[in-house]
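Hydrogens, waters and symmetry mates play no part in the numbers below; they use all other heavy atoms, side chains included.
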Amino acid sequence: MSQNNSILNLLGIEDQNIKVLKVETILKNNEEWKLIHASLTYPVERCKNCGFKSVVKNGLRKSHLRLASLNGTRYEMILAKQRYYCSNCQTTFGAITQLTKHNHTLSRDLKNQIMALVREGLNGELIARLCHCSASSVRRTITERVEPHYRMAVLPKHLCFDEFRSTKSIMSFICCDSETHQLVVKLHDRLSPSIIDYFENRYSRAERAQVETVVIDLNAQYQSFIYRLFPNAKIIIDRFHIVQLAGRALDNCRINLLKTLDKQSREYKIMKTQWRLFHLKQTKLNPEKPVYLRGINEYMTKQNAVDLVTSKFTDFKAVYQTYQGITQAIHERDPELLKAVLQDYRTTNTEMDTTINTLKKNRQAVINSTKYEFSNGPLEGINRKIKTLKRTCYGFANQKFFFLRIDCLFA
């Protein structure tokens, strides 16, 4: 009896009606298996179908159960279940156990082990090898254990909107809570009708009116329906996308200027090899400490290198100062400085003109980025984990199953 209890405790089996008969080790497919022969029986007074006390034992039926892996070893149980016969209604039924679901061969502990590995983002084939089951069993377990969320109980007051590439190069919509970083919804596409239908069909107007802020990138599509869905929400343009847009304009202006310069000139060498200096904050350009600048092969201060270029090319200087003003306003959360940069800008016939016009079209949303602490950072982190999941699992063909795997990561 003590040995029987020790084996059951070792395997995490709590059903006291299971009695271990013997344990044998076999070698199959170059793999060591542990086969546990056991029986399941208990007294039954009344028939489960008619309720009469006319039940007698009626032989045994063997079933093959998969147990959770222990120390990398495959464990299986040959369980002889007691059968019962009712002489009143002439029906038969068998003994049941909580070790598995009815008519299932995978034990609950094995499914728990599978789900623990699924939440780590491992691919199905690897999980199947670790748990000594098939990849289809892993897939069925995920489908059984994870249910797609219909809606959140309470719609968050602060939301983040973005998209990610799901299956077959489809761009899917994703939304999360800006404060708790909890995933709100994933939609099969990013089309406006799909997003509008989701929120209008699942949340009342009163619930949607409680949303205070929505963080988005510079996608004009979202702005076209946000006020319809969330009438009291303030739109915030993500700060990263503002700086990125200004940085690209600065780089394009620099590259176009490089094409017109002599490759042996000092200005060309500085702009070609030391281009990172123009993206540094002005406070980090030490005007006193000379450093060796590779490419130009001279000792000079970083501030002097920047001044050599900006003093000679006035249009580039204007673009550079505009970029510095935008980044400083974003970093210091200074809405007045950002307003001044947008208002005082003068046309330079460069890509910075397009950037400023874009920011002016979204003026209030851009200004809000300096007033609120919310950003799309949490959502970008979620997207990063989704990309890692896709890479680990070598992609997904079924979008519904892909979304279930995502829910496993953020459950």
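Atom CG of N286 sits about 9.5 Å away from atom CD of Q303, to the nearest 0.5 Å. Distance check, rounded to the nearest 0.5 Å: OG1 of T213 to CD1 of I235 gives 11.0 Å.
Classification of the W275-H279 ring pair by plane angle, with boundaries at 30° and 60°, yields perpendicular. In this pair, F401 and F396 present their aromatic rings tilted. The plane angle is within the 30 to 60° band.
Stacking of R202 on the aromatic ring of Y150 is recorded, both the 6.0 Å distance cut-off and the 45° axial limit being met. Both tests pass for K186 against the ring of F403: distance under 6.0 Å to the centre and angle within 45° of the axis.
Salt bridge D251/R254: present, at least one basic N to carboxylate O contact under 4.0 Å.
When the shell of 6.0 Å around NE2 of H64 is examined, it contains more than 12 heavy atoms from other residues, nucleotides or ligands.
Using a 4.5 Å heavy-atom threshold, the side chains of V44 and F93 count as touching. Put simply, the side chain of V118 reaches to within 4.5 Å of the side chain of R405, judged on heavy atoms. Residues E76 and L65 form no side-chain contact, since every pair of their non-hydrogen atoms from C-beta on lies 4.5 Å or further apart.
For an aromatic pair to be called close, the ring centres must be under 6.0 Å apart, and F278 with Y323 fails this.
Remark: the H104 side chain and the K111 side chain contain an N/O donor-acceptor pair separated by less than 3.5 Å.
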